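Worth saying up front: this structure is predicted, and the values here are computed from it rather than measured.
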Amino acid sequence: MKYNAIIFIFSVWLFGCTNPNDRSDAFGNFEAETVIISSEASGKILQLNVEKGQKIDAGFVAALIDTMQIHLKLQQIEAQKAAIEAKRQSISAQIAVFGEQKKNLQINEKRIKQMLADGAATQKQLDDITGQTSVIDKQMESTRTQFTSINKELQVLETQQESTLDLLNRCKVISPASGTILETYIEQGELAAPGKPLFKMANLEELTLKVYVSGAQLPGIKIGQEVEVLVDKNETENQKFRGKITWISSEAEFTPKIIQTKEERVKLVYAVKVAVKNDGTLKIGMPGEVSWQSQ
């Protein structure tokens with residue numbers, strides 16, 4: 001009886017040793033490319049439209065920062081532009097007055113020339129009219145030069161207006177991509193400042209399994225290669241996923257101590273990233289295994 005038991009144990013051990021295909025080729029943990037969204041403006045958070053675990057789309061208005069001071073600045077700029085436009089109209093009206101005065105002088109000049117020909121006027125009278133007309137021309141030219149200054153003032157105000165509108169747009173915190181909110185760092189009513197993080201997000205629809213391979217394994221893999229990914233389903237079963245190698249490190253590094261024994265840590269390995277579509281099962285930090293022999 002004892003002899004039969006020994007034979008049985010030896011057979012089980014031999015069978016396990018003769019099935020190397022059951023072993024995975026690499027091990028690692030799932031990670032995601034995270035994005036930290038920061039404020040580009042300063043002010044009180046009037047609206048915070050995100051919370052941890054929420055899925056949002058690209059273009060979603062995640063937060064709104066107080067815009068009162070910016071609106072007041074815009075109103076001030078509009079008032080300054082209106083004042084300058086009024087000044088422009090005043091100058092135009094003044095030039096029109098000069099134009100009417102010149103017309104009257106030209107009529108009188110024509111009359112005096114006729115009278116001078118008839119001997120009823122003197123040369124001095126004609127010279128006086130001609131001189132007055134010349135003065136009017138110079139006044140009109142001088143007045144027109146004021147338009148240049150007005151146009152410059154308007155350009156400055158328009159530039160300020162564009163800058164202020166840009167600040168207004170920055171008060172809306174827009175999500176740059178679709179993803180899931182992982183963390184929030186501010187609450188509604190708190191003060192935001194340029195560069196202050198508001199929340200962290202990541203696209204969890206596709207996670208990356210980062211594993212490490214030895215130099216001996218490296219020739220057998222390539223970017224774009226499809227592989228089999230295994231994660232724990234329960235204590236005795238694994239769940240299979242399809243994955244694709246998206247990146248292979250060009251430089252060797254020491255094996256991370258968190259996934260290897262002390263003896264293995266002295267060996268140089270290469271990092272490999274495998275993209276895996278997530279059906280909701282995979283989580284950031286979850287361990288996974290890779291088999292290069294895709295089935």
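Partners of Leu72 according to the side chain to side chain contact (heavy atoms under 4.5 Å, CB included) rule, which considers only residues two or more places apart in sequence or in another chain, are Met68, Gln69, Gln75. Scanning for side-chain hydrogen bond (donor to acceptor under 3.5 Å, both in side chains) contacts around Thr281 gives Asp279, with sequence neighbours left out. In this structure Gln132 satisfies the side chain to side chain contact (heavy atoms under 4.5 Å, CB included) test together with Leu105, Ile129, sequence neighbours excluded. For Glu237, the side chain to side chain contact (heavy atoms under 4.5 Å, CB included) test picks out Lys233, Asn234, with sequence neighbours left out. Scanning for side chain to side chain contact (heavy atoms under 4.5 Å, CB included) contacts around Asn238 gives Leu230, Asp232, with sequence neighbours left out. For Lys283, the side-chain hydrogen bond (donor to acceptor under 3.5 Å, both in side chains) criterion is met by no residue, not counting sequence neighbours.
The neighbour count for Lys81 NZ, taken as heavy atoms of other residues, nucleotides or ligands under 6.0 Å away, is above 12. Remark: Glu205 CD is loosely packed, at most 12 non-hydrogen atoms of other residues, nucleotides or ligands lying under 6.0 Å away. Other residues, nucleotides and ligands contribute more than 12 heavy atoms inside 6.0 Å of the NZ atom of Lys196.
The hydrophobic cluster containing Val61 also includes Ile174, under a criterion of side-chain heavy atoms closer than 4.5 Å among ILVMFWY residues, counted directly or through chains of members.
Considering all non-hydrogen atoms of both residues, Val211 and Gly28 come closest at CG1-N, 3.7 Å. When all heavy atoms are compared, the tightest approach of Asp57 to Ser178 is CA-OG, 3.4 Å. Here the shortest heavy-atom pairing between Phe241 and Leu282 reads CE1-CD2, 3.8 Å. Annotation for Thr246 and Ala275: closest pair CG2-CB, 3.6 Å, computed over non-hydrogen atoms. Annotation for Trp292 and Gln217: closest pair NE1-NE2, 3.6 Å, computed over non-hydrogen atoms. In this structure, Leu207 and Ile284 approach most closely via the heavy-atom pair CD1-N, 4.2 Å.
Residue pairs meeting the side-chain hydrogen bond (donor to acceptor under 3.5 Å, both in side chains) criterion with at least one partner in residues 30-44, sequence neighbours excluded, are Glu40-Arg170. Sequence neighbours left out, the pairs with a member in residues 104-126 that pass side-chain hydrogen bond (donor to acceptor under 3.5 Å, both in side chains) are Gln123-Asp127, Lys124-Asp128.
Taking the side chain as every heavy atom from C-beta outward, Phe30 and Val229 approach each other to under 4.5 Å. With a 4.5 Å cut-off on side-chain heavy atoms, Ile245 and Val290 do not count as touching. The shortest distance between side-chain heavy atoms of Val173 and Phe199 falls below 4.5 Å. Using a 4.5 Å cut-off on side-chain heavy atoms (C-beta onward), Trp247 and Ser249 make contact.
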Kindly list each side-chain donor-acceptor pair under 3.5 angstrom involving residues 136-145, sequence neighbours excluded, with atom names and distances?
from   : atom 1 : to     : atom 2 : distance (Å)
Asp137 : OD1    : Lys102 : NZ     : 2.7
Thr143 : OG1    : Gln139 : O      : 2.7
Thr145 : OG1    : Ser142 : O      : 2.4

For residues 84-100, tabulate all N or O donor-acceptor pairs below 3.5 Å that involve a side-chain atom, not counting sequence neighbours.
from  : atom 1 : to     : atom 2 : distance (Å)
Arg88 : NH1    : Asn151 : OD1    : 3.4
Arg88 : NH2    : Asn151 : OD1    : 3.0
Ser92 : OG     : Arg88  : O      : 3.1

Please list, one pair per line, the donor and acceptor atoms closer than 3.5 Å that link side chains of residues 184-193 to other protein atoms, with sequence neighbours excluded.
from   : atom 1 : to     : atom 2 : distance (Å)
Gln188 : OE1    : Leu48  : N      : 3.3
Gln188 : NE2    : Leu46  : O      : 3.2
Glu190 : OE1    : Glu187 : N      : 3.2

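In this structure, Lys55 NZ and Asn203 CG are separated by 9.5 Å, a value rounded to the nearest 0.5 Å.
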